[in-house]
Every structure is written in C-alpha cells, then in structure tokens.
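One structure below.
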Amino acid sequence: MSRLKQNLAEKNKELQAYSEHLEERVKERTAELGSLNRIYERFVPREFIDLLQKKSILEINLGDQVSHKMTVMFADIRGGRRCWKR
C-alpha cells in the first residue's frame, strides 16, 4: 500500500510541475498576443474592427464591409496656412 501511495505522490508531483509549466506558457502567450494586438491597433484602429462587428483583426476577411451614413466636418481656418508653414 505504501508503494502505491509513493507512486501516486510522484505522479502528483509530475502533474503539478506540468501544470505549472503549462500555466507559465499560457501567461507568456497571453502577453505575446496582447503585444501583437497593440501593434495591429497602430495600423488598424480598434474602432474600425468594431465598425466591422469583429472581435479581432484575425476575423477580418477580404471583402468585409459595412455601410453607414456619416457626417464629415471640414473647417477652413482663415490664415491657417501661414501658421502651418512656420
């Protein structure tokens, strides 16, 4: 009986070590994915992905589109060109 307990204790330690290893890999991968998302958002804003009703840039396919009515405001500031040329 003690041999069975010893064997079970060894297997338990192995499983715990494997579980800790997997947990560490999940943390690393989660951090990596978070970093990739921040990089993607520099080129494709989160609002654009939301507009397409997608959760991730990985869900976007060629031809995905939506149609919305929008108002665009344009302001021509008098004398603005002189300020911007400086």
Side-chain angles (χ1 to χ4, degrees):
M1 191 66 148
S2 69
R3 183 177 172 153
L4 179 62
K5 284 184 181 180
Q6 183 180 7
N7 196 8
L8 284 173
E10 288 174 9
K11 294 296 178 186
N12 187 28
K13 284 182 184 179
E14 287 177 25
L15 283 172
Q16 188 166 356
Y18 187 69
S19 175
E20 289 170 4
H21 175 73
L22 283 176
E23 191 171 323
E24 186 62 33
R25 286 183 60 198
V26 166
K27 286 180 185 177
E28 290 170 2
R29 186 67 177 145
T30 301
E32 182 181 334
L33 289 172
S35 176
L36 282 173
N37 278 338
R38 286 186 295 280
I39 291 168
Y40 283 137
E41 287 177 357
R42 289 175 52 201
F43 300 99
V44 180
R46 179 79 223 160
E47 294 81 7
F48 180 74
I49 295 170
D50 292 341
L51 188 66
L52 291 173
Q53 299 174 346
K54 304 293 182 177
K55 292 181 182 177
S56 163
I57 193 169
L58 299 174
E59 293 179 5
I60 298 174
N61 295 307
L62 184 62
D64 284 351
Q65 59 185 331
V66 293
S67 179
H68 287 281
K69 289 187 179 191
M70 294 185 180
T71 301
V72 177
M73 184 177 125
F74 176 79
D76 188 9
I77 301 172
R78 188 176 298 173
R81 286 188 179 186
R82 279 184 269 137
C83 291
W84 294 321
K85 286 183 178 181
R86 290 183 194 173

Examine distances only and state if a side-chain atom of Thr30 and a backbone atom of Val26 form a donor-acceptor pair shorter than 3.5 Å.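 Checking the backbone N and O of Val26 against the side chain of Thr30, a donor-acceptor pair under 3.5 Å is found.
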Hey, is the main chain of Gly34 close enough, under 3.5 Å, to the side chain of Arg38 for a donor-acceptor pair? yes
Rounded distance [0.5 Å steps], CG in Leu22 versus CD in Glu20: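 With rounding to 0.5 Å, CG (Leu22) is 10.5 Å from CD (Glu20).
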Distance-only donor-acceptor pairs under 3.5 Å for side chains of residues 53-74, two or more places apart:
unit_1 : atom_1 : unit_2 : atom_2 : d
Ser56  : OG     : Leu58  : N      : 3.0
Glu59  : OE1    : Lys55  : N      : 3.0
Asp64  : OD2    : Asn61  : N      : 2.7

Locate the shortest heavy-atom distance separating Phe48 from Val44; write the atom from each residue and the value.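 Closest approach of Phe48 to Val44, heavy atoms only: CD2-CG1, 3.6 Å.
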Listed partners of Lys5 passing side chain to side chain contact (heavy atoms under 4.5 Å, CB included), at least two apart: none
Residues Arg29, Glu32: salt bridge by 4.0 Å N-O rule: yes
